[in-house]
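Any value given below was found using the heavy atoms of this structure, including those in side chains, with hydrogens, waters and symmetry copies removed.
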Amino acid sequence: QVQMVESGGGSVQAGGSLRLSCAASGFTFSSYCMGWLRQAPGKEREGVAAIDTDGSTSYADSVKGRFTISKDNAKNTLYLQMNSLKPEDTAMYYCARLPCRSVVPGTAPRAADFGYRGQGTHVTVSS
């Protein structure tokens, strides 16, 4: 049974940092491209970051230079280090699988390409 469990969300002031984790199980984690998707109330889903099986990454312009996606295949865990957080980063964050063809360095991952995802973890950034 495929499972992805996100954690690490919370409330932080603008300029602060959070590290999200996603514990995956039920599939061969190292063989899949993974990413983070977010959705704020009343807004469209946004692909935030993605990582290929070879470690190459892609980011949304809105988070480039502030967020870093990484993975530990030995622990079947995906991470999102979020620094210099802004109020506009407030959203529910989900980890998800996506086709590796969707991970193009220099190009934001498309929300529509994200597939099976977890239940999410909420991030609130106050000004």
Summary of salt bridge (charged side-chain N to carboxylate O under 4.0 Å, His left out) pairs that have at least one residue in residues 24-43, sequence neighbours excluded:
Arg38-Glu46, Arg38-Asp89
Quick one: are Leu78 and Ile69 in side-chain contact, heavy atoms under 4.5 Å?
yes
Search all heavy atoms of Ala24 against all heavy atoms of Met4 and return the closest pair with its distance.
CB-CG, 4.1 Å
Just checking, Arg97 and Phe27: is the charged tip under 6.0 Å from the six-membered ring centre and within 45° of the axis?
yes
Could you give the distance from CZ (Arg117) to OH (Tyr93), rounded to the nearest 0.5 Å?
14.0 Å
Tell me whether Leu37 shares a hydrophobic cluster with Ile51, the cluster being built from Ile, Leu, Val, Met, Phe, Trp, Tyr side chains joined at under 4.5 Å.
no
Treating Tyr116 as the side-chain partner and Val2 as the backbone partner, does any N or O pair qualify as donor plus acceptor under 3.5 Å?
yes
Minimum-distance pair of heavy atoms, taken over all atoms of Ala108 and Ala60:
CB-CA, 3.7 Å
What disulfide (SG to SG under 2.5 Å) pairs are there with at least one residue in residues 28-93, not counting sequence neighbours?
Cys33-Cys100
If every non-hydrogen atom of Phe114 is compared with every non-hydrogen atom of Ala49, which pair is closest and at what distance?
CZ-O, 4.0 Å
Check: Val103 and Thr57 side chains under 4.5 Å, non-hydrogen atoms
no
Hphob cluster co-occupancy, Val5 + Tyr94, side-chain heavy atoms under 4.5 angstrom:
no
Rounded to the nearest 0.5 Å, how far apart are OG of Ser102 and CG of Asp52?
10.0 Å
Audit row: Ser17, Gln81, side chain to side chain contact (heavy atoms under 4.5 Å, CB included) steps and yes/no
CA-CA 8 Å; Ser17 298; Gln81 178 67 45; 4.0 Å; yes
Closest non-hydrogen atom pair between Gly9 and Val123, with its separation
CA-CG2, 4.2 Å
Is the shortest heavy-atom distance from the side chain of Gln39 to the side chain of Glu44 under 4.5 Å?
no
Within the structure provided, determine whether Val125 and Leu18 are in side-chain contact (heavy-atom separation under 4.5 Å).
no
If you round to the nearest 0.5 Å, how far is OG of Ser127 from CD of Gln13?
9.0 Å
Cluster question for you: counting only ILVMFWY and a side-chain heavy-atom cut-off of under 4.5 Å, with indirect links fine, are Trp36 and Leu98 together?
no
How far apart are the closest heavy atoms of Glu6 and Cys95, and which atoms are they?
OE2-N, 2.9 Å
Do you see a donor-acceptor pair shorter than 3.5 Å between the side chains of Asn73 and Ser30?
no
For the atom pair OH (Tyr79) and CG (Asp72), what is the distance rounded to the nearest 0.5 Å?
5.0 Å
Can you measure from CE (Met34) to OG1 (Thr53) and round to the nearest 0.5 angstrom?
12.5 Å
Rounded to the nearest 0.5 Å, the NZ atom of Lys64 sits from the CZ atom of Arg66 at a distance of 12.5 Å
Taking the six-membered ring for Trp and the full ring for Phe, Tyr or His, determine whether the centres of Tyr59 and Phe67 are under 6.0 Å apart.
no
For the residue pair Thr68 and Leu80, establish whether any side-chain heavy-atom pair is separated by less than 4.5 Å.
no
Show your reasoning for whether side chain to side chain contact (heavy atoms under 4.5 Å, CB included) applies to Phe29 and Lys71.
CA-CA 10 Å; Phe29 181 74; Lys71 59 189 295 197; 3.7 Å; yes
Over all atoms of both residues, closest heavy-atom pair of Thr77 and Ser21
CG2-CB, 4.3 Å
